[in-house]
Amino acid sequence: MNKKSRRKTILYVIAYIMPFLLGLWGYAIEFGEWSLKVVYSSLRLYGINLDLWPGEHNLVLWLAAFLAILVTAAIIIKLVNRLQTLFSNLWCTIIPSRSIQVLGDETYVRLFREHGSRGEKGSSRIVTNEDRLAFRASKTVILGKNRAESLRIYNRINSRLRPDAEVYLHMEQTSDRYRVGRRIIHVFSLSDLIAKLFWRKIWQEHRLLAPQTIVLIGFGSLGQALLRHALQNNVAASADGQLITHRYVIAGPCGEFLKLHQELRHFTSVGEEQPDKDTLIFIESPWEDYELLRSASMIIFCDDSQETNADHLLKLIDHIPGIRPEHTRLYVYMENDLVPQYLSDKMSIEIFPSMETLFSQQVILHSELQTLARNIHQRYQEENPQSPGWDELDYFTIRSNEAQAEHLEVKLAMLGLSRPGTDSRSGWTQEEFRQKVEQFGRETLAKLEHIRWCRFHWLHNWRYDSLPGEDRHKDAQRRLHRHLVPYEQLEEEVKDYDRHSIDSICQIIRYHHQQRGESDHESGQKVQNR
């Protein structure tokens with residue numbers, strides 16, 4: 001027991017016995033002597049029983065009586081909580097597949113306990129203790145405040161986990177998957193999850209179907225994740241089939257990002273605009289160029305420190321005239337209570353992320369995204385029976401399928417549709433989907449899918465190589481791929497992969513909602529075969 005826990009225990013003991021000690025004193029005054037009756041009556045205070053109504057001036061006994069009521073209530077509450085914990089731990093033993101153990105930072109654990117089961121079918125019980133029975137859960141989520149804390153917790157409990165447990169380990173700026181014996185360890189980053197949710201919400205609500213100037217103020221782990229997912233997913237075309245490019249203005253140190261992503265030149269231009277490439281403009285301070293800020297369609301305050309974001313927001317509003325709410329949308333990474341009400345009334349300010357969504361099982365455990373990704377791979381496997389099954393895929397290929405699943409939101413937006421159950425554009429049939437695809441251009445959508453696929457690989461430092469003398473199309477170890485070329489240079493059979501991925505969108509989404517157990521009425525969907 002550490003010093004802090006020992007001090008806490010001592011304070012609890014003092015609080016519990018205080019009514020008894022005061023009762024001894026008070027009853028001794030009332031009875032005029034010390035006897036076993038004094039001890040017995042003092043103990044009965046905890047049962048809210050008074051053997052003798054306190055004398056009008058016996059303040060000690062009055063105080064003991066009231067404290068005894070509070071202590072008794074606290075003991076009852078503690079016993080109820082213990083019983084609930086015992087029930088949850090027994091649940092982990094009886095139904096481990098529907099049990100999740102969550103450990104780590106107190107705030108993160110509380111948020112996951114409150115929101116973890118939201119939107120999930122069936123009952124997944126969440127336990128937040130290190131009892132022996134709790135370690136029977138099939139999944140353990142470790143939400144350390146940082147990488148070091150998560151690793152300390154994992155190393156401490158490693159030997160107590162189930163051999164076949166799935167472990168979800170929070171480590172900033174890192175995403176990966178490891179298999180250790182029968183155990184699978186999923187490494188994830190909250191910054192990465194926030195970035196995915198942010199751009200998904202942007203496409204659902206605003207649809208970036210015209211060139212945008214997007215300013216990111218703050219370029220730590222969250223800022224880098226937001227830019228990475230923007231470059232990867234904001235791939236769309238206008239109605240005439242022209243690729244829509246955006247200008248990203250990044251205020252913050254850029255050295256680390258440019259060193260980590262060395263193939264950006266294939267689809268971005270630093271400093272000056274080039275055809276069919278996004279433009280990256282790096283500046284040291286957000287206050288270097290007021291005109292850039294005034295021309296922005298989106299300003300995202302995404303420093304890792306919420307207090308810094310609040311400070312930058314105040315500076316922007318107070319010192320830079322000409323920011324028009326109808327033209328520029330402001331997004332701030334912080335909690336709602338850090339934004340003064342008068343600012344919310346004055347400007348169009350959106351706070352992100354939604355804690356309810358971020359700390360749900362669908363997001364932390366990747367359940368929704370992985371289901372879509374599995375369905376995408378299943379469709380690919382039906383056309384290519386020789387390809388490996390989902391459980392045999394390497395982690396990069398899994399992430400590639402997940403990236404394709406993320407981009408479904410963008411493809412539907414280009415077609416004027418939404419995923420089932422999201423808004424009024426979500427009630428569509430398969431025939432209506434086919435008509436939309438034909439109107440927009442099936443070949444245009446297939447080309448965009450290839451561009452998105454290339455960007456994903458370039459962001460992970462893959463390079464083109466024709467691999468002469470080899471009968472394979474890629475070398476994963478050296479990160480070389482012969483299909484990292486413009487769409488027009490692909491062979492027809494390779495283009496068919498992208499065409500088929502467009503054709504299968506309807507079936508993938510429909511099957512996804514069936515797997516989640518949503519009826520047409522529940523999800524508001526009309527997606528069906530005809």
Side-chain angles (χ1 to χ4, degrees), residues 139 166 168 175-179 184-188 192-193 196 199-200 229 232-233 235 361-412 419-420 430 433 437 442 445-460 462 472-477 479-484 487 490-491 493-518 527 529:
K139 295 181 176 67
E166 279 194 80
Y168 294 81
S175 296
D176 214 329
R177 187 181 76 160
Y178 304 95
R179 184 178 288 275
I184 298 176
I185 301 175
H186 305 268
V187 178
F188 69 95
D192 202 54
L193 299 181
K196 290 178 182 179
W199 291 113
R200 185 176 77 178
H229 281 276
Q232 174 183 300
N233 290 323
V235 180
Q361 289 182 43
Q362 292 181 10
V363 175
I364 296 292
L365 306 186
H366 304 77
S367 57
E368 182 175 26
L369 191 61
Q370 276 221 352
T371 302
L372 279 168
R374 279 176 180 266
N375 294 340
I376 288 171
H377 182 68
Q378 183 179 331
R379 293 286 171 182
Y380 175 80
Q381 202 174 14
E382 288 172 0
E383 297 167 5
N384 302 271
Q386 76 283 0
S387 60
W390 178 264
D391 294 330
E392 300 166 2
L393 294 178
D394 60 86
Y395 185 64
F396 180 81
T397 307
I398 289 175
R399 290 180 66 187
S400 180
N401 281 284
E402 289 179 347
Q404 185 177 344
E406 285 182 66
H407 199 252
L408 290 177
E409 210 75 59
V410 179
K411 293 184 177 75
L412 291 175
R419 276 211 280 166
Q430 186 165 340
F433 175 79
V437 169
R442 179 172 178 256
L445 290 168
K447 180 179 178 180
L448 286 173
E449 171 56 26
H450 179 68
I451 292 172
R452 180 212 61 78
W453 177 88
C454 287
R455 286 192 177 199
F456 178 81
H457 281 73
W458 283 326
L459 278 166
H460 292 86
W462 283 65
R472 52 181 177 166
H473 57 268
K474 68 177 179 179
D475 183 336
Q477 188 172 1
R479 297 196 180 188
L480 303 175
H481 209 298
R482 63 172 54 165
H483 296 158
L484 285 169
Y487 183 76
L490 293 174
E491 301 167 359
E493 64 179 34
V494 179
K495 290 181 181 179
D496 283 340
Y497 292 148
D498 298 311
R499 293 165 182 151
H500 292 159
S501 74
I502 302 302
D503 297 337
S504 63
I505 288 176
C506 189
Q507 291 89 343
I508 288 168
I509 292 176
R510 176 173 177 267
Y511 185 53
H512 167 67
H513 284 274
Q514 286 178 344
Q515 284 182 309
R516 292 187 61 195
E518 296 181 0
V527 183
N529 289 315

What's the separation between atom [atom1] in [X] and atom [atom2] in [Y], rounded to the nearest 0.5 Å?
X: Y168; Y: I184; atom1: OH; atom2: CD1; answer: 8.0 Å
X: E406; Y: R452; atom1: CD; atom2: CZ; answer: 9.0 Å
X: D498; Y: H500; atom1: CG; atom2: NE2; answer: 10.0 Å
X: Q362; Y: T371; atom1: CD; atom2: OG1; answer: 9.0 Å
X: N401; Y: L369; atom1: CG; atom2: CG; answer: 10.0 Å
X: S504; Y: I376; atom1: OG; atom2: CD1; answer: 7.5 Å

Per the side-chain contact (heavy atoms from CB on, under 4.5 Å) rule, which among L193, D192, V187 passes with S175?
->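 With S175 as partner, side-chain contact (heavy atoms from CB on, under 4.5 Å) holds for just one option, D192.
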Could you walk me through whether K495 and H450 pass side-chain contact (heavy atoms from CB on, under 4.5 Å), step by step?
CA-CA 8 Å; K495 290 181 181 179; H450 179 68; over 6 Å; no
Minimum-distance pair of heavy atoms, taken over all atoms of [X] and [Y]:
X: A405; Y: A373; value: CB-N, 4.1 Å
X: A403; Y: N233; value: O-OD1, 4.0 Å
X: D475; Y: W462; value: O-CZ3, 4.2 Å
X: Y487; Y: A446; value: OH-CB, 3.6 Å
X: V410; Y: V235; value: CG1-O, 3.4 Å
X: H457; Y: S400; value: CE1-OG, 4.2 Å

So does [Y] get a backbone contact from the side chain of [X], meaning a donor-acceptor N/O pair under 3.5 Å?
X: H460; Y: R479; answer: no
X: R442; Y: D503; answer: no
X: R374; Y: W390; answer: no

How are the rings of [X] and [Y] set relative to one another: parallel (under 30°), tilted (30 to 60°) or perpendicular (over 60°)?
X: H366; Y: F188; value: perpendicular
X: H473; Y: H483; value: parallel
X: H481; Y: W453; value: perpendicular

Is the shortest side-chain heavy-atom distance between [X] and [Y] below 4.5 Å?
X: R379; Y: S501; result: no
X: Y497; Y: L490; result: no
X: E449; Y: K411; result: yes

List the steps, then state whether side-chain contact (heavy atoms from CB on, under 4.5 Å) holds for W199 with E409.
CA-CA 10 Å; W199 291 113; E409 210 75 59; over 6 Å; no
Task: Carboxylate-amine/guanidinium contact E402 R177, below 4.0 Å - done: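 Here E402 does not pair with R177 in a salt bridge, since their nearest N and O are not under 4.0 Å apart.
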Requested in this report: Determine whether the aromatic ring centres of Y395 and H186 lie less than 6.0 Å apart.
Outcome: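 Ring-ring flag for Y395/H186: false, centres at least 6.0 Å apart.
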Heavy-atom count check: over 12 atoms from other residues, nucleotides or ligands less than 6.0 Å from Q477 CD?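 No.
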Exercise. Just wondering, more than 12 heavy atoms not from K196 lying within 6.0 Å of its NZ?
Worked result: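 Count over threshold, so yes.
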